[in-house]
Structure formats: structure tokens, C-alpha cells
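Values below: every heavy atom of this structure, side chains too, minus hydrogens, waters and symmetry copies. Given the structure is predicted, the values throughout are model-derived calculations rather than measurements. Chain identifiers are assigned alphabetically (A, B, ...) following the order of the sequence lines, protein sequences preceding nucleic acid strands; residue numbering begins at 1 within each chain.
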Amino acid sequence: MKARSAILFGSALAALVVGALASTHVTAADKVDPAADIKAFQNFFFQKFPNVKHEDFANGPYSMNEDMKRQWQEKEEFPPYEFALDAGKEMFATPFKNGKTYADCFPDGGIGIRQNYPYFDEKEGKVVTLELALNRCREANGEAPYSYVKDEMASLTAYMAYTSRGKLMDIKIPDDPRALAAFENGKRYFYTRRGQMNFSCASCHVQSPGERIRAEVLAPALGILNAMPIYRSEWSSMGTTSRRFVTCNSQTRAVPLEPQSDEYRDVEYFLSYVANGLPISGPGARP
Amino acid sequence: MFMLAMLAGLAVSPARAQSAVAEGQKLAFDRGKGNCLTCHVIQGGDLPGTIGPALKDIKSKYPDRNELFAILFDETKRNPQTMMPPFGRNRILTEQEINAIVDFLQTL
């Protein structure tokens, strides 16, 4: 950003969206209103980036920068996540020791369903993410759970995302006070500043998308999970949603939470719901 | 204490001032300290980010060093929405370190 006026304008807009979200919070103190939130949230990004096609917000930093987008499109010819995709496909088809498969744990045999995760489980009273559902499937079938942050978990979610490419994010918030509370809690976490640096998730992904932080272009919060999991050259490996949340917290000197802790599940619920209508684009590749 | 630190910053001798400038630049560029390049273009620094304005002509813009000290100590006082970390309030930098960086900023 060059001019100070542009900075002030940017933070004024951010104040607006925060204000808009906060005021829905205030006017409806006893009623959380996700429908109003999603509208305010999406309009903020559509207005801030009028030249970005709406479905492009599912491509993280590449939606923000033509140069990067070109490099990425070239990379897509030989996608660096292909090894994970192949591994995931094979793992998905391989029966557990008891003869069952992942397909038995999911609706539609697990194919083309990424856009419905996370969902609110009314029996449990909590948000269930795809990563969590995969490990629960393993444990229900007598297999040890995988690490949430990499390798096998990234391969499985990469394959499940791939079979869902182009489907529109479709997260439901049932009319259940616990579901509304989970949404609200995720939203609160997302906008709360923390750590020595005093950043919230929104500082980087609402206030500054498209700006460079050192050499990295910041992804917009809208559609930020649609491409998960991702291959990052910087990691030389794949990473899941859990890995990215932990990394963002620890890189900004905030204390990261446990992967799949209630709060991270709620943040994922909030971010996925406000991306409703944007296509699944995972797995993704990042610089 | 805030005032004392600023006065201490003012009272340095020319030789010490020069070493403070060099020290200030080091602190500003150090990723574990100021890491100002994360967000600001600064002459002499590599891989700057674009979140904040380029830091140049600082002395003409902020002739009063107290104002610069305050921006580094806690910019949320001026702008509650700012992304700039409150280096002093959150003890990322000591007041002495902030003063050295202010010396460096005044040479830009």
C-alpha cells in the first residue's frame, strides 16, 4: 500500500465490517443472526475487491494478485499435491483390518461431500469437522487415529476435497441454541486480538488481504478454507486446516490451541458458513 | 517512566547518538525484535511487506520524537484498529530499544 490515505481507507473499511458484525451483535443481543453476518461478510469482500470474480475467492492469495495467479496456473499443470491425492485415493479404497472402509462412515460413500463440512452434530451438541470425522471413523473401526496436521490426514482430505471440486460450500446452522453459540464463539475467536503481537485472525485476513507481509500475500478470509488441504512449498509438504490454524497462531507469537479443540472447530464452522455459495477448490498449492 | 525514557533518548551525546542509530537499525530489521520490514518498506532492508506505509521523510512528518516514541510504544492509542503491534505496551521492545529505533527513524 502506498498512500497513507489508502491505509486509513482500508482500516475504515475494516472498522465498518467489524462494526457491521458487531452491530448485528448488539441489535440482536439475544439472537445471533448468521444470515445477516454472511451478507455483511461477503459484501465487505465483494466491495473491497470489485474486480475479483466471486468464485475466485476460493483460491486464497491467488485471487489477490494476477502475477501469482499466472504462476499458480502454470503449476497446476503438474500439481505438487498430486502425490497426496494419489495416496489419499488409495487409502480411501483400502479396507480396514475389519474389512470396512472409509466409505462406510460417510454419506454418499464419502464422495463429493466436502462442501457439507464442518456440520453441527445435534446429538453431540458440537461442531464436527471432516478431519475429526475421519479419525472417528478410524477409531470406530479399531484403527489408530492419524495426526491432524499432515501426511495421511492431508492425503485423505485432499482426495475427499478433490471429489467435491466445484460444489458450493453448503454449511447449515440448525435452529439449535448450541449451534448458534458455536457459530458465535467461532466468530468471537476470529475477531479477538491475542498474543504479544496483538493480532486477531481478522487483522491479517480481513483488514489486510492482498497486502504483503514480508514476501507472502495475505489470503482473504472469504473462502479461506475452500482450498484446504494445501501443499506449501515453504513447508515442502501438505498441511491440513488444523496445521494452518496452529501455524498462524504460533507464527504470530500467540499460543496455538490443540488441533480439533472446540474453539478451532467453532472457528472452522464460522469461516465455512460465511463462505457458503463459494466452490470447493481443494486441494490447493501455495508458494 | 514513559517521560523519563523519552528524555533519556533526547539527552544522548553525538557519538552515542550514532551508535544508537546503528543499533536502532539493527533492532528495526531483526526478525526477533522490531521486524518492522514485515509491514514497512525501509531503505536498506530486504523483503519488505506492504501492510504499513513506507517509512521515509520521517523527520519532516514527525519532527517531535515523542510522537514517534508513542507510535512505537502503542499505536492502538492513535488508531484502535491498527495492525501495528504495541511494541512498548506488550514488552516486545524495551523503552531503550524503542528510543534507538526512533533515532534510526529520524535519519530516514
Side-chain angles (χ1 to χ4, degrees), chain A residues 1-22 44 48 61 64-65 67-68 191-221 234 248-255 287, chain B residues 27-63 67-68 70-95 97-98 101 105 108:
Chain A
M1 203 176 279
K2 276 159 206 96
R4 178 165 167 81
S5 63
I7 301 267
L8 288 173
F9 187 58
S11 45
L13 270 174
L16 260 181
V17 80
V18 171
L21 291 171
F44 169 78
K48 184 166 173 144
M64 300 280 96
N65 183 308
D67 256 10
M68 278 180 75
Y191 285 102
T192 302
R193 292 184 183 238
R194 60 179 58 80
Q196 204 182 18
M197 296 300 177
N198 200 37
F199 293 138
S200 68
C201 311
S203 303
C204 288
H205 298 294
V206 174
Q207 235 176 304
S208 318
E211 297 300 335
R212 263 185 295 112
I213 184 160
R214 288 277 181 177
E216 291 198 79
V217 174
L218 285 166
E234 195 202 335
C248 279
N249 269 342
S250 50
Q251 277 182 345
T252 57
R253 298 193 215 166
V255 181
Chain B
L27 288 164
F29 289 2
D30 185 336
R31 283 178 190 253
K33 285 289 188 178
N35 202 8
C36 315
L37 289 164
T38 295
C39 298
H40 295 284
V41 171
I42 306 173
Q43 197 194 337
D46 293 331
L47 286 181
T50 59
I51 291 168
L55 298 182
K56 54 171 200 254
D57 303 329
I58 294 294
K59 202 154 190 176
S60 58
K61 190 159 177 195
Y62 296 104
E67 222 183 319
L68 284 172
I71 292 173
L72 266 74
F73 191 86
D74 184 2
E75 172 66 353
T76 65
K77 285 248 167 65
R78 250 190 0 162
N79 172 12
Q81 297 288 336
T82 191
M83 247 193 94
M84 182 155 154
F87 289 99
R89 172 164 63 84
N90 277 9
R91 296 165 195 269
I92 303 163
L93 298 169
T94 64
E95 295 182 358
E97 287 170 333
I98 293 178
I101 295 178
L105 291 178
L108 296 176

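Side chains of B:Ile51 and A:Gln207 form no contact here, defined as non-hydrogen atoms less than 4.5 Å apart.
In this structure, CZ on A:Arg212 lies 5.5 Å from OG1 on B:Thr50, to the nearest 0.5 angstrom. Here CZ of B:Phe87 is found 9.5 Å from CD of A:Gln196. Values are rounded to the nearest 0.5 Å.
Residues B:Asn35 and A:Arg214 share a closest heavy-atom pair of OD1-NH2, 2.6 Å. Across all their heavy atoms, A:Ser208 and B:Met83 have their closest contact at OG-SD, 2.9 Å.
Heavy atoms of other residues, nucleotides or ligands lying less than 6.0 angstrom from CD of B:Gln43 number 12 at most.
Looking at B:Asn90, B:Thr82, B:Ile92 one by one, the single match for side-chain contact (heavy atoms from CB on, under 4.5 Å) with A:Asn198 turns out to be B:Asn90.
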